[in-house]
2 protein chains.
Amino acid sequence: MGRLQTFDNGVVVQAARDLFWDKGYEAASLADLEAATGLGRSSLYHAFGSKRGLFDAAVTDYLETVIRPRLAVLRAGTTDASALLDYFGSLAVATATQAPDSVQTGCLLVNCAAGLAAHDDPTRAVVEGYRIELSAALRHALLAASDAEHSADAVLEERVRTLASLSMSAMLIARVNRTEAIALLNTASNQVRAWFPGSSR
Amino acid sequence: MGRLQTFDNGVVVQAARDLFWDKGYEAASLADLEAATGLGRSSLYHAFGSKRGLFDAAVTDYLETVIRPRLAVLRAGTTDASALLDYFGSLAVATATQAPDSVQTGCLLVNCAAGLAAHDDPTRAVVEGYRIELSAALRHALLAASDAEHSADAVLEERVRTLASLSMSAMLIARVNRTEAIALLNTASNQVRAWFPGSSR
DNA sequence: TATATAGTAAAACGATCGTTACAAAACTAG
DNA sequence: CTAGTTTTGTAACGATCGTTTTACTATATA
């Protein structure tokens, strides 16, 4: 054994993730990453191999830290539409209450979809995986809210797409017009209420 | 007067637009732009001043050449939902039939929303203008399709947001999963049919 | 045809990019 | 305390970035 690493990989990855989230992969330079993480390139390359390696770690952290906790409420064992309303409600609150200068606007993976994913197969796979996971969670919550039998598969899938669409486009628009992003999320909530009139919230 | 310009600004801008559309602003290098347009940097800088000047011309061309013709069908004087069905139908067809290696996937402005727009005010203004224009066109078509009185303003705006959302997220997802992008557009069409059962298509 | 003006070609610019090499520093294990 | 191993700071790398300069060519005008 030799000298021990003085920094925690987790906090470094989170700092890098916020930078990538804010500026995108290409626009985030190594100088920026040094400043954001407080580490020299030496340590960054030693720990993560490359800029891309750090980015991949950031994306993984984003999925685990940001996405999955959000989707978890959709998997809660509710028997009405409250899980869906919780999901869109908390997303709207988070969008509304974040500091005006917060760098965590929109969604890292949505940004990847418009940027990297078009020409980078691994990134495309990650983004597609996120889309599938989001759809599955919404589908689960929609099934839980409905009285099982009286909704055909086709209409279920339409509803999944509508909600996934509102969710993603809200994250997209959040970078341009926060008020409208919140309105999109509220539209999703209203749509859920229209589908399930007897829901608790 | 001296020597005359041998190239047509319009075709050069279109070539540049397709490159920006495909790779994004930052990833499109001047070497790429030279190759795509067939011009040297000399001519490009003489005609457009800077890379950004060429990009702005490309965005303007994109709005006039791609966006506005698409939105035009929403402004046609129909009295049912056919304009909306035409819009989403033609978008779905265009997405479905384009060559697999086509560089014109998704939407240049949607890509800008996720990338440049977060840190560049002029770009953000352009993207926001696009969103407003799209919403206005959808609102116009929705009003034309409804029997005027029996739809409240609130539900109209919800419908505008739902359709705008499906439109934008389809363009976003087109870069990752073309099949799903088409499905989103078909979901929009089905939603329109559900709202206006007596529509012609 | 002479001249002025404007378009084009080529090269070099300084800056910044991600990456690597090297050596000093730090610390564990024996 | 020493030996051995790992982390870190510094500097330089070659490549590429957008931009500018310089010189040359082509052509409309007079």
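Remember, predicted model here, so these are calculated numbers, not experimental data. These values consider heavy atoms only, across backbone and side chains, with no hydrogens, waters or symmetry-generated copies. Convention: sequence-line order gives letters A, B, ...; per-chain numbering from 1.
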Quiz prompt | Polar contact flag, side-chain donor to acceptor under 3.5 angstrom, A/S169-B/S169 | solution = no
Exercise. Could you list by number each residue of residues 23-36 of chain A showing a heavy-atom separation from DNA chain C of less than 4.0 Å, or answer none if no residue does?
Key: A/A28, A/S29, A/L30
Quiz item: If you round to the nearest 0.5 Å, how far is CG of B/L39 from CG of B/L33?
Solution: 10.5 Å
Quiz item: Do A/Y25 and A/T123 have a side chain donor and acceptor closer than 3.5 Å?
Solution: no
Quiz item: How many Å lie between CG on A/L44 and P on C/dT19, as a whole number?
Solution: 11 Å
Quiz prompt | Over-ring placement of B/R70 relative to B/Y62, 6.0 Å and 45° cut-offs | solution = no
Self-check item: Spacing of A/L54 atom CG relative to C/dC17 atom C1', expressed in whole Å
Solution: 16 Å
Quiz item: Just by distance, with hydrogens left out, do B/S189 and B/Y87 show a side-chain donor and acceptor under 3.5 Å apart?
Solution: no
Practice problem: Nearest whole angstrom, please: distance from the C1' of C/dT16 to the NZ of A/K51. | Solution: 12 Å
Quiz item: With the sugar-phosphate defined as primed atoms, P, OP1 and OP2, and the base as all remaining atoms, what B/S/- string results for nucleotides 20-30 of chain D, 5' to 3', for protein heavy atoms under 4.0 Å?
Solution: B----BBBBS-
Quiz item: Counting just side-chain N and O atoms, does B/T6 come under 4.0 Å of either OP1 or OP2 of C/dT8?
Solution: yes
Self-check item: Lys/Arg-Asp/Glu bridge criterion (N-O < 4.0 Å) met for A/R124, A/D120
Solution: no
Exercise. Determine whether B/V11 and B/D8 make a side-chain contact, defined as any pair of heavy atoms from C-beta on separated by less than 4.5 Å.
Key: yes
Quiz item: Do you see a donor-acceptor pair shorter than 3.5 Å between the side chains of B/D32 and B/S29?
Solution: yes
